[in-house]
Amino acid sequence: MQGIKRTHMVTELSSANVGERVVLTGWVNTRRDHGGLIFVDLRDRSGLIQLVFSPDADTEAFAKAEKVRSEYVLAAVGEIRRRSEETINPKLKTGEIEVTVCELRVLNKAKTPPFYIEEDTDVDENIRLRYRYLDLRRPDMQENIMLRYKVTRAARNFLDRKGFLEIETPMLTGSTPEGARDYLVPSRVNPGKFYALPQSPQLFKQILMVSGFDRYFQIVRCFRDEDLRADRQPEFTQIDMEMSFVEVEDVLNLMEEMIADTFKEAAGIDIETPFPRFTYKEAMDRFGSDKPDLRFGMELKDFTETAANSDFKVFAGVAASGGQVKGINAKGCADFSRKEIDDLTNFAAIYGAKGLAYIVVTDEGPKSPILKFFKEEEIKAIMDGFEAEPGDLLFFVADKPSIVANSLGALRVELARKKKLIDPDVFKFAWVVEFPLVEYDDEERRWVAIHHPFTSPFEDDIQFMDTEPAKVRARAYDIVLNGVELGGGSIRIHNREVQEKMFALLGMSREEAVEKFGFMLEAFEYGTPPHGGIAFGLDRLVMLMAQKDTIRDVIPFPKTQSATDLMTHAPSEVTLRQLQELHIKISTAKAKK
RNA sequence: GGAGCUGUGGUGUAGAGGCCUAACAUGCCUGCCUGUCACGCAGGAGAUCGCGAGUUCGAAUCUCGUCAGCUCCGCCA
């Protein structure tokens, strides 16, 4: 690049620049060699522009262009010319112009890439991840990464305007019980001791409130050593914040404003506020999910009472033993084949449903193998409850409430997908509030926090913490977008007594509580303001904005489902010497050599 | 920990016991071509069908195992 300097990104140029001498840099997207005339589409992150090489313009440049191949890195000096009317390419942003090149520099050659650098690709993800640097060259991925930047910029600007301070918290911190598995980091100078990478900056941001910073935020990496999913990576990014002297309402209102602002700023999308709010109970009852997708209807209906009195032993038995019988009306699905219904039954079984009863509503009335067990008025109750019309297909699950909700909740979404009821361009937000504080974990045989152990119970419910913990509501809230949990938070406990009570409820001994969270309990005694906060999953937010199915498409360097990085080959083995320094021995059982 | 799907030239697919000496498209290489934009035309190279066992006279094709990627359950806010 000696003696020349880039003058423009390629799509900054238009007919307005005709006649100008420009210097452009970028990659060879495609080359079209006509023998006596060569076209090269030059690509930079902004887009494409057509370079024209002709012996009439410069023989040396033309000779070089003959040797150029895909993905070569070029610097081209040339003049912007208007294309003749019939050669204008409406598909290109710069399609009205082209660059007649008078000097070409090949800054670097490139091997033939293993896949096309183009918008649509259905290349095996294996290969995309191995050659991530090439995958990231694709316009689609470039847009995702740029969108991600715009989102963080918008959120940062918004929070700055609202008086938040961006403050960093440690990456090397202590392991705590509760919540996800920690990623551990051995301490060389403290043999046998480990740091944990943060699952979230939870404790630190609360301490910052104790310190009087009042409003904190951070766009921060978090780590959880759990199994991966399309929307779950071991390291992910949160837009994390905490505020002093706030109530639930304050947080919800401010966040609605932030979301609307961010969507507008980053993507030009208008978001309607306020968002509908559901209590946890209502969400579970109506949608069978604590992250309801509001882009379509098909709500769950409860027929437990009808079923309890019926002669259908399967339903009546479940109802009698504290279970539920609920159903969903698959509108217009009466034409489903036996196989389709079987497939849906198998689908429901994944979520623990032992069966999927159904009634087909025909022009001649309801038809089903189970109808004979129901009395006339019971059938009418069901049909009325569903507002069933000819053409409908009614599904039922009878089981304990959690299985009914899970299976029907999932079935509802599956049916909507199958029937294409989901408009991909719609963004439906919701708040889910009044989560239970704790739930009983059968495996651990103790109460566990649904949100986390620092979530404040409703003032009125504190009295039930000793007697009926399941009844205690938390001052917690989740934000849901299109059936995806986007974020969550709560008003926190800010006094030592309640916090100790919470630890005790979770089965933590006084000693253990002091050992793990003593600093927190102590801090609470030095003038802690009431405070609360929320954290958004940035990856999921950007994924939904970009209309992608996985957060891997909005993370530059994601990991595979088995938590490996196919480009760097992390995690990798380390030398014996490194292990010795860290005072670590590998048990041979599962470790591969 | 479990269930399912996928794996065939560089890439995307076809082939589903013998017609395979593995096909098609694209990419790649060579030549021709001064208005293309997925340029075109002609020719060429390129695959022990993820890996390992087994069944069979015969396996890309069937069986078992294994590895990798993906989706989901469990797990995880």
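Quick note on labels: first sequence line is chain A, next is B, and so on, each numbered from 1. Fair warning: this is a prediction, and the values are worked out from it, not measured in the lab.
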Separation of [X] atom [atom1] from [N] atom [atom2], in whole Å?
| X | N | atom1 | atom2 | result |
| --- | --- | --- | --- | --- |
| A:I350 | B:rC5 | CD1 | P | 12 Å |
| A:D225 | B:rC76 | CG | C1' | 11 Å |
| A:K91 | B:rC37 | NZ | P | 8 Å |
| A:F347 | B:rC5 | CZ | C1' | 15 Å |
| A:Q561 | B:rG7 | CD | P | 18 Å |

For [X], report the nucleic acid contact type (base, sugar-phosphate, nothing); a contact means any heavy atom under 4.0 Å.
| X | value |
| --- | --- |
| A:I127 | sugar-phosphate |
| A:G179 | sugar-phosphate |
| A:R130 | nothing |
| A:S490 | nothing |
| A:H452 | nothing |

Quiz item: Shortest non-hydrogen contact from A:P453 to A:L506?
Solution: CB-CD1, 3.7 Å
Could you please name the option among [options] that lies closest to any side-chain atom of [X]?
| X | options | result |
| --- | --- | --- |
| A:T30 | B:rU11, B:rC39, B:rC72 | B:rC39 |
| A:T550 | B:rU71, B:rG12, B:rC73 | B:rU71 |
| A:E125 | B:rA77, B:rG12, B:rC70 | B:rC70 |

Quiz prompt | Any donor-acceptor N or O pair under 3.5 Å, side chains A:H451, A:R475 | solution =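 Their side chains do not contain a donor-acceptor pair, so the 3.5 Å distance test is not met.
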Self-check item: Residues A:S200 and A:Q238: side-chain donor-acceptor under 3.5 angstrom
Solution: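 Side chains of A:S200 and A:Q238: no pair found under 3.5 Å.
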Sticking with atom [atom1], work out how far [N] lies from [M], rounded to a whole angstrom.
| N | M | atom1 | answer |
| --- | --- | --- | --- |
| B:rU66 | B:rG7 | C1' | 13 Å |
| B:rA60 | B:rG17 | C1' | 11 Å |
| B:rC49 | B:rA42 | C1' | 30 Å |
| B:rC28 | B:rA45 | C1' | 9 Å |
| B:rG27 | B:rA47 | C1' | 15 Å |
| B:rU36 | B:rA25 | P | 24 Å |
| B:rA3 | B:rC64 | P | 13 Å |
| B:rA68 | B:rG52 | C1' | 15 Å |

Within less than 4.0 Å of OP1 or OP2 of [N], is there a side-chain N or O belonging to [X]?
| X | N | answer |
| --- | --- | --- |
| A:Q199 | B:rC76 | no |
| A:S407 | B:rC73 | no |
| A:S562 | B:rG69 | yes |

Between the base of [N] and the side chain of [X], is one N or O donor paired with an acceptor at under 3.5 angstrom?
| X | N | value |
| --- | --- | --- |
| A:R224 | B:rC76 | no |
| A:D124 | B:rG7 | no |
| A:R552 | B:rG69 | no |
| A:R232 | B:rC75 | yes |

Suppose we define a pair by two distances each less than 3.5 Å, Watson-Crick or G-U wobble; what does [N] pair with here?
| N | value |
| --- | --- |
| B:rC62 | B:rG54 |
| B:rU71 | B:rA3 |
| B:rA14 | none |

Quiz item: Going by the salt bridge (Lys or Arg N to Asp or Glu O under 4.0 Å) test, which pairs reach into residues 402-411 of chain A, not counting sequence neighbours?
Solution: none
Evaluate the side-chain proximity of [Y] to [X]: yes if any heavy-atom separation is below 4.5 Å, no if none is.
| X | Y | result |
| --- | --- | --- |
| A:D41 | A:Q50 | yes |
| A:V433 | A:L252 | yes |
| A:Y195 | A:M171 | no |

Quiz prompt | Which residues share a side chain to side chain contact (heavy atoms under 4.5 Å, CB included) with A:F557, sequence neighbours left out | solution =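 Testing A:F557 for side chain to side chain contact (heavy atoms under 4.5 Å, CB included), a comparison that skips the adjacent residues, returns A:R132, A:L136, A:M567.
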Self-check item: Nucleic acid footprint by protein, nucleotides 23-36 of chain B - heavy-atom cut-off 4.0 Å, B for base, S for sugar-phosphate alone
Solution: ---BSSSS--BBBB
Exercise. On RNA chain B, check which nucleotide each of A:D549 and A:N126 is closest to and give me the residue with the more 5' one.
Key: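 Residue closer to the 5' terminus by nearest nucleotide: A:N126.
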Practice problem: Select from A:R540 and A:N89 the residue whose nearest nucleotide in RNA chain B is closer to the 5' end of that strand. | Solution: A:N89
Quiz item: Are A:E103 and A:K64 within salt-bridge range, i.e. N to O under 4.0 Å?
Solution: no
Practice problem: Applying salt bridge (Lys or Arg N to Asp or Glu O under 4.0 Å) between A:E71 and each of A:K109, A:K111, A:R137, report the one that passes. | Solution: A:R137
